[in-house]
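The structure appears below as structure tokens.
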There are 2 protein chains.
Amino acid sequence: MDAVQDEAAGKRARGLDRAFEILDFLRQKRQALKPNEIAAQIGAPRSSVYELVNLLLSNGILEFTGGEGRVYLGRKLYFLGAAYENHFDFTRECEATLERLAGETRETAQFCMLDGNRYTVVRMREGARPFRISTDVGQSVPIPWTASGRLLVAHLSDQDILNFIPPQDFRLPGGEWLEPQTFIAEVRQAEREGLFTFNSIVDSFTHCFAVPVRGEEGHAAATLCLVTPRDDGIANRDRYLDCLKRAAAGLEHAPARPRRG
Amino acid sequence: MDAVQDEAAGKRARGLDRAFEILDFLRQKRQALKPNEIAAQIGAPRSSVYELVNLLLSNGILEFTGGEGRVYLGRKLYFLGAAYENHFDFTRECEATLERLAGETRETAQFCMLDGNRYTVVRMREGARPFRISTDVGQSVPIPWTASGRLLVAHLSDQDILNFIPPQDFRLPGGEWLEPQTFIAEVRQAEREGLFTFNSIVDSFTHCFAVPVRGEEGHAAATLCLVTPRDDGIANRDRYLDCLKRAAAGLEHAPARPRRG
DNA sequence: TATATCTGTCCGCTATATTGTACATATGAT
DNA sequence: ATCATATGTACAATATAGCGGACAGATATA
């Protein structure tokens, strides 16, 4: 995914980087693939991918599944992820918070974080509406496409923001170009107000509310969001923001608190 | 952890293997450690560990946490693990099954799998007793110490079992030596009967019941277990086994079913 | 003060991991 | 039959990753 690092051509890639490139790619695809397909689609040498895939298979990081030699993320990753989740024990409180948020507002509530230099929905609770709005959990999305994105990079300097976000991510899904300076102005505004709301960029019928959940360093470690139909969102703006802020306050200490040690 | 692979001395370790050795070690320790400590405790060159830790940090596989330069498993691993869990969607049904099992029996119910060549409790539900019996979720334990272990290796040949299980894992926690042939005989018995029960080897007051949850290849992909006080277990043996078998049957199709594709 | 340990960085050597290429097989199209 | 594509394996060349060891600051001990 990171097309940044291969600056000069003809450089050898490090095994570790390629390995995690493979893992990230499988996560993004969300399906088992043959080593050949992986190599072709990530633009890596076939022999390298075969070597790495076999190594990862023997470590339990990848598993054969789906037949025909296809591989997907393995059980070991689940165990490691569970250990992370256990250490930074945000899951339980997070789930309860989303439940309450969705109940209070009847809208879709999300808990979001950065995934490297992109944005991802970590957990979601759909609202109690006849037509529910939902998004894919675990998919990486360009930061500038989202309301939360304004908050999640607010601790960085302007220059760091520009270095951090892949340039092509300022190209919006419709094809329009979001001027980075415009984005940064919104980041600063979000930082001052401690929230960000807008009519979603990725569709034409939702309004998004985001507030920060601050971690131990004081900047937004995550966000809580509501995704609503535009008219409902605008009509209930104050109440929704109030719900969000109280919910975020309840999570503030949780995300970065180790359980043992 | 795998002391098996370094056969000849003086061999260089591969970066990928070392990297996952570090990750596994952190998972086992369940706490943030300094690179120096990691190097010392896994017996790896300091310079290599520093190099790898920095690489893993920059990929989000590790994170600084706990201060003083300590590192622990990172967010990226959580995302990858969540993708695995999402693909092999056993969690939801598993949770409900354990809930029901614990409710029917009032005993501690566990869902267990292999973690490489060891055994681990993936999910657990404590029983509704005044004194509850519980174990650590996510810790790796030698296969021969557990009832489930008899089922989880039953698809292997005798020789493969001996190759698969680290020899020192036949040393029981009390120090006694479990003869591998005795273990294998129990494996075959468990295979025939489709269950295994015994008075636990790791303590003196529990009785363990295990039944297989079969995956797509027909062998035990996981187990469901009950951990009970000895007298209760023996008194309710038939009923408990019946509960377990029905629960396992309900999970049979779930563990290996991809959701999309 | 000197001495020892813990910690992190830096650098040169060389064993080896990555990679391009060739090879082998299967499948499908023409 | 011939050609093209998809798939996996084998191997040698060389760029480089892993390693040992030197160095230095910080902290503790004598």
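A, B, ... follow the sequence lines: proteins, then strands. Residue 1 opens every chain. The figures here come from the full heavy-atom set of this structure, side chains too, leaving out hydrogens, waters and symmetry mates.
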ask   = OP1, OP2 of D/dC19 versus side-chain N and O of B/Arg18: anything below 4.0 Å?
value =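 Answer is yes, contact under 4.0 Å.
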Should the pair [X]-[Y] be classified as a salt bridge under the 4.0 Å nitrogen-to-oxygen rule?
| X | Y | answer |
| --- | --- | --- |
| A/Lys76 | B/Asp115 | yes |
| B/Asp136 | B/Arg30 | no |
| A/Arg18 | A/Glu21 | yes |

query = Does the pair A/Thr135 and A/Gln110 meet the rule for a side-chain hydrogen bond (donor to acceptor under 3.5 Å, both in side chains), with working shown?
reply = CA-CA 9 Å; A/Thr135 54; A/Gln110 301 177 330; 2.7 Å; yes
[N] [atom2] sits how many Å from [X] [atom1], rounded?
| X | N | atom1 | atom2 | value |
| --- | --- | --- | --- | --- |
| A/Asp17 | C/dA17 | CG | P | 16 Å |
| A/Glu68 | C/dA26 | CD | P | 15 Å |
| B/Leu16 | C/dT16 | CG | C1' | 14 Å |
| B/Asn36 | D/dA26 | CG | C1' | 13 Å |
| B/Leu55 | C/dT9 | CG | P | 13 Å |
| B/Glu51 | C/dC10 | CD | P | 12 Å |
| B/Arg70 | C/dT7 | CZ | C1' | 12 Å |

What pairs of nitrogen or oxygen atoms, one from the protein and one from nucleotides 9-14 of chain D, lie under 3.5 Å apart?
unit_1 : atom_1 : unit_2  : atom_2 : d
D/dT14 : O2     : A/Arg12 : NH2    : 2.6

request  = Take the angle between the ring planes of A/Phe90 and B/Tyr78 and call it parallel below 30°, perpendicular above 60°, tilted in between.
outcome  =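 Judged by the thresholds at 30° and 60°, the geometry between A/Phe90 and B/Tyr78 is perpendicular.
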query = Taking the side chain of A/Pro45 as heavy atoms from C-beta outward, which of C/dT19, D/dC19, D/dT7 is closest to it?
reply =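 Selected nucleotide: C/dT19.
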message = I want to confirm an ordering. Mapping A/Arg14 and A/Lys34 to their closest nucleotides on DNA chain D, which one lands closer to the 5' end?
response =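 Nearer the 5' end of the strand: A/Lys34.
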inquiry  = Pick the closest DNA chain D nucleotide for B/Leu52 and for A/Glu37 by heavy atoms, then say which residue is nearer the 5' end.
reply    =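 Nearest-nucleotide comparison on DNA chain D picks A/Glu37.
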inquiry  = For A/Arg171, give me all partners under salt bridge (Lys or Arg N to Asp or Glu O under 4.0 Å), at least two apart in sequence or on another chain.
reply    =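 Scan of A/Arg171 (salt bridge (Lys or Arg N to Asp or Glu O under 4.0 Å), adjacent residues dropped) gives none.
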With a 3.5 Å cut-off and sequence neighbours excluded, list the donor-acceptor pairs that the side chains of residues 47-54 of chain B form with protein atoms.
unit_1  : atom_1 : unit_2  : atom_2 : d
B/Glu51 : OE2    : A/Arg14 : NH1    : 2.8
B/Glu51 : OE2    : A/Arg14 : NH2    : 2.9
B/Asn54 : ND2    : B/Tyr50 : O      : 3.2

